[in-house]
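The structure appears below as structure tokens.
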Protein chains: 2
Amino acid sequence: MPAIEDGPSVPAARERARAIPEAAVARLAVYLRVLSAMSEQGVSSVSSEELSAAAGVNSAKLRKDLSYIGSYGTRGVGYEVGVLVDQIERTLGLTRKHSVAVVGIGNLGHALANYGGFPGRGFPVTALFDVDPDLIGIPVGGIPVHHIDDITAVCAEREISIGVIATPPPAAQAVCDRLVQGGVECILNFAPVVLQVPDTVEVRKVDLAVELQVLSFHVARRADQAQVDAMADAREDGDRTGIDGMVVR
Amino acid sequence: MPAIEDGPSVPAARERARAIPEAAVARLAVYLRVLSAMSEQGVSSVSSEELSAAAGVNSAKLRKDLSYIGSYGTRGVGYEVGVLVDQIERTLGLTRKHSVAVVGIGNLGHALANYGGFPGRGFPVTALFDVDPDLIGIPVGGIPVHHIDDITAVCAEREISIGVIATPPPAAQAVCDRLVQGGVECILNFAPVVLQVPDTVEVRKVDLAVELQVLSFHVARRADQAQVDAMADAREDGDRTGIDGMVVR
DNA sequence: CGGACTTTGTGCATGCGTTCACAAATGGCT
DNA sequence: AGCCATTTGTGAACGCATGCACAAAGTCCG
Ligand SMILES: NC(=O)c1ccc[n+]([C@@H]2O[C@H](COP(=O)([O-])OP(=O)(O)OC[C@H]3O[C@@H](n4cnc5c(N)ncnc54)[C@H](O)[C@@H]3O)[C@@H](O)[C@H]2O)c1
Ligand SMILES: NC(=O)c1ccc[n+]([C@@H]2O[C@H](COP(=O)([O-])OP(=O)(O)OC[C@H]3O[C@@H](n4cnc5c(N)ncnc54)[C@H](O)[C@@H]3O)[C@@H](O)[C@H]2O)c1
């Protein structure tokens, strides 16, 4: 067994950062919000039980998630809020500012541009784009709207790292391509289309229609289950009432 | 051992409907959108390869997802678009209309109320609520805003099945409680808080801050990886350039 | 100072979801 | 009619995520 070998078999210290499950990353962001709120209220210490309850997860999962970023707790006591905030921020890359550009200043784009929650969390919205001539130059949320043709130049100049697409679906892919060309590394897509990007670019989508349909599915499932239960009850009782016209089988 | 026993050990035929993985349900909604678009363009038949490419997934996954809802394809040929559309709609419970109420008609609430994509897909927005006296009675997207105090009555009366929360975070839990009291079965929550609900109610959340932070994480990870690669290269090359002041390469 | 109590961190088992790979089914072609 | 090319549907293997349960580590108190 060689002592100072450092091939791929030895996870070196600098490799510490990887291997955090995607699902855990999303939860870390939630923990961070809860912890920040606690910090503001003067809470300085928290146990995994308390924190997990506030974040809506089970405490074993929380501890495992935190273990991915290191051991910052004190056994028998809990975690120091400030320490966790710092470590999660570091892990999520929030020590650096990430400038955001919003493309498509319609209903949704306006809401995003006016939203105060982003700048406050290290994501300043620094550029807006649209094609509508009536919008160009008009300030929205304090920032003037640029023409979409300037997108590559402006993104490069202002070091935009995140592009938000809020255009109608047919325009989304073209907008995406131009954002990528402007050096944008990440895209948050609100248009209901599947974007094609080089694999150096990270895409996340927010699809409200899908969310509603998943909810709809659960309503239907619940209704079916209620029918099944009713039938089971009926059978137990000696099979009397059918479920009106609908036989689920 | 009784022969015709039907305890939990025998998954009966009527149990068919359940057991669709949550992740698959969300993808079915995506397939449905792609299929609808194809249908409108007059495409009547599609293979798993084509459909999966359009939906941005791998074809084995697509076929497995479709297999959860039944066998509607023809081997050697593919799927009939119309049939798939019908079957997915049935599975997702879209044969029934799901009335939507939006609570909190601020930046985001306005955008949602004005959005034409929901009614077109079987999710008519039929009620809006806010506390702001200046908004009450004003029509937004053609629907008058009601006072939040009427929420329970109006939800019950209009058979609202989905409630959308777009209020500031501190108000979200109270609004949620009142929606549940009004008989709402599902909630889509835009406020960055963890909602407490009885387990008869389904909640999905859309959390933009989390989305941005996950993207931020990937930027950071990529940057770290670039450094690691650079170091590895440097070592291989005989160790020349250090990491010093940010060598991006 | 020592022992009881609390809470973390994690090895392990379990379950869910993804991917592979191929037999079965079907249509078309000769 | 029979065979070939194609594409579905799914069993099985794999890998990732979740949850359990407990040893390790630390605090606090007497
Ligand atoms: N409004 C919502 O609540 C909502 C909900 C779910 C999804 N969406 C999706 O979000 C997107 C935007 O929705 P919206 O309601 O804000 O639409 P909208 O029509 O109000 O706004 C779209 C804006 O994009 C601009 N635009 C069009 N083509 C462009 C281009 N090539 N480059 C730059 N800008 C361009 C238009 O000028 C307009 O200002 C759509 O894809 C929609 O499906 C919106
Ligand atoms: N605007 C965005 O782009 C955006 C992005 C991410 C998250 N969010 C979240 O969505 C929510 C809404 O954001 P927004 O920008 O529209 O805020 P907003 O302040 O513009 O609107 C909030 C609305 O809710 C109403 N309201 C307040 N208390 C209420 C109550 N108890 N009952 C009913 N209505 C009440 C207010 O009168 C106001 O009209 C917030 O929780 C915010 O964090 C918004």
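Computed over heavy atoms, backbone and side chain alike; hydrogens, waters and symmetry mates excluded. All of these numbers come straight from a predicted model, not from anything done at the bench. Letters go in sequence order (proteins before strands), and every chain restarts at 1.
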How many Å lie between [atom1] on [X] and [atom2] on [N], as a whole number?
X: B:L51; N: D:dT7; atom1: CG; atom2: C1'; answer: 14 Å
X: B:I69; N: D:dG9; atom1: CD1; atom2: P; answer: 10 Å
X: A:L62; N: C:dT8; atom1: CG; atom2: P; answer: 8 Å
X: B:K64; N: D:dT8; atom1: NZ; atom2: C1'; answer: 13 Å
X: B:N58; N: D:dG15; atom1: CG; atom2: P; answer: 16 Å
X: B:E50; N: D:dT7; atom1: CD; atom2: P; answer: 8 Å
X: B:Y31; N: D:dT8; atom1: OH; atom2: P; answer: 13 Å
X: A:I20; N: D:dC16; atom1: CD1; atom2: P; answer: 15 Å

| task | Map A:G76 and A:A60 onto DNA chain C by nearest heavy atom, then report which one ends up closer to the 5' terminus. | result |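 Looking at DNA chain C, the more 5' nearest nucleotide goes with A:G76.
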Looking only at the side chain of [X] (C-beta and beyond, no hydrogens), which of the listed nucleotides [options] gets closest?
X: B:T74; options: C:dT19, C:dG27, C:dG17; value: C:dG27
X: B:Y79; options: D:dG26, D:dT8, C:dG27; value: D:dT8
X: A:A23; options: D:dT18, C:dG27, C:dG9; value: D:dT18

Measuring to OP1 and OP2 of [N], would you say a side-chain N or O of [X] lies under 4.0 angstrom away?
X: A:Y68; N: D:dC16; value: no
X: A:S47; N: C:dT7; value: no
X: A:Y72; N: C:dT7; value: no

| query | Can you name the nearest heavy-atom pair linking A:G93 to B:S216, along with the distance? | reply |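 Minimum heavy-atom separation between A:G93 and B:S216: O-OG, 3.3 Å.
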| task | Grab the two heavy atoms, one from A:P198 and one from A:V180, that are nearest each other, plus how far apart they are. | result |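 Closest pair (atom of A:P198, atom of A:V180, distance): CG-CG1, 3.9 Å.
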| query | Would you say the side chain of B:R75 and the base of D:dT8 hold a donor-acceptor pair, judged only by whether the two atoms sit under 3.5 Å apart? | reply |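 Yes, a donor-acceptor pair under 3.5 Å.
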| message | Taking atom types as they are modelled, would you say the side chain of B:K61 forms a donor-acceptor pair with the base of C:dG17 within the 3.5 Å cutoff? | response |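 Counting by modelled atom types and ignoring angles, no donor-acceptor contact under 3.5 Å is found here.
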| said: Between B:R96 and B:E185, is the salt bridge (Lys or Arg N to Asp or Glu O under 4.0 Å) condition met? List the steps. | reply: CA-CA 14 Å; B:R96 172 191 146 188; B:E185 302 166 285; 3.7 Å; yes
| query | Should the pair B:E22-B:R204 be classified as a salt bridge under the 4.0 Å nitrogen-to-oxygen rule? | reply |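 Yes, charged N to carboxylate O under 4.0 Å.
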| field | A:E211 and B:K205 ion-paired at < 4.0 Å | value |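 Salt bridge absent between A:E211 and B:K205.
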| If you pin A:R63 and B:G70 to their nearest nucleotides in DNA chain D, which one's is more 5'? |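 Result: B:G70.
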